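Have a look at the structure below, then the notes.
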2 protein chains.
Amino acid sequence: MVAPRVVLSPRPRSGCVAWARGPGPGAADSRKRETVGLVARMVGIKDVARQAGVSVGTVSNVINRPEMVAEETRTRVQAVIAQLGYVRSESARHLRAGRSRIIALLVLDMANPFFADVASGAERAAREEGLGVMLCNSAQSPAEEADYLSLFAEQRVRGVLVTPVDTSGRNLADFRRHDIPYVVVDRVLDSADEGCSVSVDDVTGGSLAARHLLAQGHRELVYVSGPMHLSQCRDRHTGALAALSEAGLPHTALRRIEGERLDVAAGRDAGARLLGMTPRPTAVFCANDLLALGVLQALFAAGVSVPGEIALVGYDDIEFAAAAAVPLTSVRQPAFRMGRAAADLLIEETGEAAAGHRHQRIVLQPELVVRDSSISAPRH
Amino acid sequence: MVAPRVVLSPRPRSGCVAWARGPGPGAADSRKRETVGLVARMVGIKDVARQAGVSVGTVSNVINRPEMVAEETRTRVQAVIAQLGYVRSESARHLRAGRSRIIALLVLDMANPFFADVASGAERAAREEGLGVMLCNSAQSPAEEADYLSLFAEQRVRGVLVTPVDTSGRNLADFRRHDIPYVVVDRVLDSADEGCSVSVDDVTGGSLAARHLLAQGHRELVYVSGPMHLSQCRDRHTGALAALSEAGLPHTALRRIEGERLDVAAGRDAGARLLGMTPRPTAVFCANDLLALGVLQALFAAGVSVPGEIALVGYDDIEFAAAAAVPLTSVRQPAFRMGRAAADLLIEETGEAAAGHRHQRIVLQPELVVRDSSISAPRH
DNA sequence: ACGGCTTCGTGAATCGTTTCATCGCCGGAA
DNA sequence: TTCCGGCGATGAAACGATTCACGAAGCCGT
């Protein structure tokens with residue numbers, strides 16, 4: 001680790017630190033705690049009331065039920081609000097209302113474009129309801145996950161969308177006692193979890209990919225996988241096997257390379273192993289686009305043509321799948337829709353009609369996006 | 001837009017909707033507002049106090065200044081806290097304390113791995129201070145940016161890290177009146193903004209890239225740029241020109257292709273235009289890795305060898321730069337450090353020692369990461 | 001025995017908002 | 001004139017925590 005090369009430009013400027021904002025000229029303010037310190041006092045509903053010559057209740061009404069306050073008063077109050085730059089305090093509202101206007105989204109890996117899409121979907125749904133989203137990253141660490149969950153509990157978040165780190169759901173089970181609703185995203189818990197979940201049908205996804213390769217005339221496939229204890233990897237494998245059976249081929253027609261991780265480096269390793277296999281495979285299905293990109297890199301470096309000598313299919317359809325040197329055929333996960341659906345479920349569960357809510361497990365269907373990397377007769 | 005194919009599994013289960021949690025057997029609770037409704041009442045500090053037979057003040061002390069309460073009492077209270085699963089309400093604390101424990105981070109594009117790294121850096125710094133991070137995405141839209149900024153004002157967040165959408169800083173100027181500190185990330189505002197900022201020296205970055213290509217023996221470069229009204233694109237261009245001058249070459253040795261956007265599709269277009277240029281260029285520097293990946297794709301499709309016939313350098317060193325078929329030489333932005341530095345500045349500005357805070361403009365230095373795409377004699 | 005000190009705990013005030021019972025006022029009906 | 005209804009506005013009571021000025025013991029020394 002090199003020391004960071006940092007260029008500092010101090011710029012003292014006008015020394016704007018934080019200034020006291022007094023009660024204003026002519027305002028006979030009898031508070032004992034004057035704003036003597038360095039901290040500026042926020043303008044509150046009381047300031048507006050005083051300045052407009054009405055009671056705080058009236059100001060509150062102007063904001064929340066403008067129709068029930070006289071036209072004349074309303075405009076006057078609104079003018080003062082604008083003039084003073086009053087912004088209501090969400091904390092105080094929350095305290096009084098008993099429910100917050102924030103939902104939390106805890107993902108496994110913020111750098112993964114897939115989760116970025118999930119987040120966008122959730123964000124959209126939330127914003128339509130006027131809710132804020134707090135996006136956090138557990139980075140696959142159970143400890144961080146636990147930390148964040150207790151942060152959410154302290155915040156009395158309206159609800160949580162979470163991709164649990166461990167399928168056992170230990171942290172979530174602990175979290176349950178807070179009575180904060182949550183929706184599990186992109187996973188279905190093993191245990192008898194009673195909550196909602198939204199996930200994608202990985203078995204179908206696996207068979208979409210395999211079926212496509214078989215349709216291109218290949219009679220034998222290789223599945224490049226991550227750890228098989230992940231349900232994702234297992235299910236996609238299952239789907240591929242199913243596709244073989246459909247085509248009347250034995251399960252032995254599917255060879256498997258299992259790596260430790262689901263990233264590009266693991267893909268490179270797998271690519272090297274592919275090249276060493278005899279007979280050399282002609283069709284490869286990867287559990288993940290990152291793996292596929294790694295494989296592609298290894299094949300390219302070895303001068304093996306894709307799809308000419310080896311056809312390649314990935315999974316996830318991340319943005320960079322289309323950006324690869326040979327655009328990558330991939331199974332697209334409806335990430336945006338998943339986030340959206342999860343947030344909608346949560347909103348329903350925590351909304352007015354919560355009484356009518358029944359927990360659901362929504363399973364979305366993936367779709368195959370065919371690009372150059374898998375088709376027998378390369379375009380152009 | 002096709003209708004989403006959704007498979008619904010309703011699973012009525014045990015109809016766990018939300019249950020009332022009564023005051024518990026033996027607890028003579030005389031509140032008027034019983035939990036008659038469907039909504040479960042959160043256990044508060046008062047419940048703990050009653051159950052433990054102490055006053056609320058004492059419970060508060062157990063939590064916040066455990067050393068000043070007698071051993072015996074403390075353990076008793078702690079036991080009750082654990083038993084009841086009490087979690088303090090951050091809203092109430094915030095209301096009383098006047099300052100929240102959340103900082104906001106507003107980025108241009110969550111799907112961009114660069115910002116994901118910035119976010120990680122900020123998150124790390126925040127968590128070390130026990131602060132929560134609220135990550136939001138303005139998606140380059142000034143309207144969304146404004147929405148989020150007012151959300152932050154309502155939340156009375158401790159401070160904001162923001163990558164402004166427009167350099168004019170209109171929204172930020174409006175935001176200033178709330179007296180919420182902010183740090184500008186990855187941009188320096190044109191106007192006389194008094195706040196802190198953290199950015200990367202793009203001029204240096206541009207000249208690093210160009211110098212490297214010149215060192216490989218090229219005497220003429222093409223700069224594939226996005227819109228030149230973006231300071232990023234301009235500065236990198238400036239840096240490249242400086243490198244040419246250093247090498248004693250005229251500015252005409254740098255041709256420029258300017259696209260509308262900074263994405264892969266724009267890169268593909270640029271790649272096509274590159275192939276039509278005469279004389280055909282031998283060295284290309286892209287304002288962005290996405291552009292470079294697009295160029296790479298176009299060149300690959302046309303059968304042009306990289307770096308054999310054309311050397312290519314990108315900018316940002318996103319994760320996928322290394323994952324490209326020909327690993328991409330790129331100028332790495334210290335994204336993580338940038339997020340970290342920005343959050344540190346904000347924490348300093350809003351912390352105990354805020355009085356000693358002076359606004360700073362930190363400029364971090366980029367570094368060149370050399371990979372296969374630019375070196376004259378390809379590895380392997 | 002009594003003042004003074006330390007050690008622990010108490011209870012009320014406070015933060016900024018929403019909500020709700022209440023009140024003043026005006027016009028119309030009896 | 002009196003009474004009533006309705007419209008608008010009011011003020012106080014929550015919400016859940018923190019803080020702080022006090023008070024109640026217990027202990028010591030003189």
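Protein chains get the first letters and strands the later ones, always in sequence-line order, with residue 1 at the start of each. Everything numeric here is computed off the predicted structure, so don't read it as measured data. For the numbers below, each heavy atom of this structure counts, side chains included, while hydrogens, waters and symmetry mates do not.
The side chain of B:Val54 approaches C:dT10 more closely than any other nucleotide in the set C:dT10, D:dA9, D:dC15. Picking from C:dT19, D:dG8, D:dT18 the nucleotide with the shortest atom distance to the side chain of A:Ala70 gives D:dG8. Among the nucleotides D:dT10, C:dT18, C:dT10, the one closest to any side-chain atom of A:Ile45 is C:dT18.
Nearer to the 5' terminus of DNA chain C, by closest-nucleotide assignment, is the contact made by B:Met68 (compared with the other of B:Met68 and A:Arg88). Nearest-nucleotide positions on DNA chain D for B:Val56 and A:Gly53 put A:Gly53 closer to the 5' end. Residue order along DNA chain C, read from the 5' end via each residue's closest nucleotide, puts B:Glu72 first among B:Glu72 and B:Arg156.
Between the P atom of C:dG11 and the NZ atom of B:Lys46 lies a distance of 14 Å, rounded to the nearest Å. Between B:Asn64 atom CG and D:dG16 atom C1' there is a gap of 13 Å when expressed in whole angstrom units. Rounded to whole angstrom, the span from the CG atom of A:Asn61 across to the P atom of C:dT22 amounts to 17 Å. B:Arg65 has its CZ atom 15 Å from the C1' atom of C:dT7, to the nearest Å. A:Glu67 has its CD atom 11 Å from the P atom of D:dG8, to the nearest Å. B:Arg101 has its CZ atom 16 Å from the P atom of D:dA17, to the nearest Å.
Less than 4.0 Å separates DNA chain C from at least one heavy atom of each of the following residues of residues 89-98 of chain B: B:Leu95, B:Arg96.
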task = May I have the step-by-step check of salt bridge (Lys or Arg N to Asp or Glu O under 4.0 Å) for B:Glu128 and B:Arg340, ending in yes or no?
result = CA-CA 11 Å; B:Glu128 286 172 8; B:Arg340 164 108 228 179; 3.0 Å; yes

Using distance only, find each side-chain donor-acceptor pair of residues 62-70 of chain B under 3.5 Å and give its atom names and separation, not counting sequence neighbours.
| from | atom 1 | to | atom 2 | distance (Å) |
| --- | --- | --- | --- | --- |
| B:Asn64 | OD1 | B:Arg88 | NH1 | 3.4 |
| B:Asn64 | ND2 | B:Ser60 | O | 3.1 |
| B:Asn64 | ND2 | B:Ser60 | OG | 3.3 |

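Heavy atoms of A:Val87 sit under 4.0 angstrom from primed sugar atoms or phosphate atoms, though from no base atom. Residue B:Val62 is classed as having no contact, given no heavy-atom separation below 4.0 Å to the nucleic acid. Residue A:Arg99 is out of contact with every strand shown, counting any heavy-atom pair closer than 4.0 Å.
Checking the phosphate oxygens (OP1, OP2) of D:dT10, a side-chain nitrogen or oxygen of A:Thr58 falls inside 4.0 Å. Contact between the side-chain N/O atoms of B:Arg74 and the OP1/OP2 oxygens of C:dC8 is not found at any separation under 4.0 Å.
When atom types are taken as modelled, the side chain of A:Glu145 and the backbone of A:Val165 share a donor-acceptor pair closer than 3.5 angstrom. Judged by distance alone, with hydrogens and angles left aside, the side-chain atoms of A:Ser138 form a donor-acceptor pair with the main-chain N or O of A:Val107 at under 3.5 Å.
By the salt bridge (charged side-chain N to carboxylate O under 4.0 Å, His left out) test, A:Asp166 is found to be paired with no residue, residues two or more places apart in sequence or in another chain being considered.
Looking only at side-chain heavy atoms (C-beta outward), B:Ile102 and B:Gln155 stay at 4.5 Å or farther from each other.
Look at B:Glu154 and A:Arg101 and you find no salt bridge, because none of the NZ, NE, NH1 or NH2 atoms lies under 4.0 Å from a carboxylate O.
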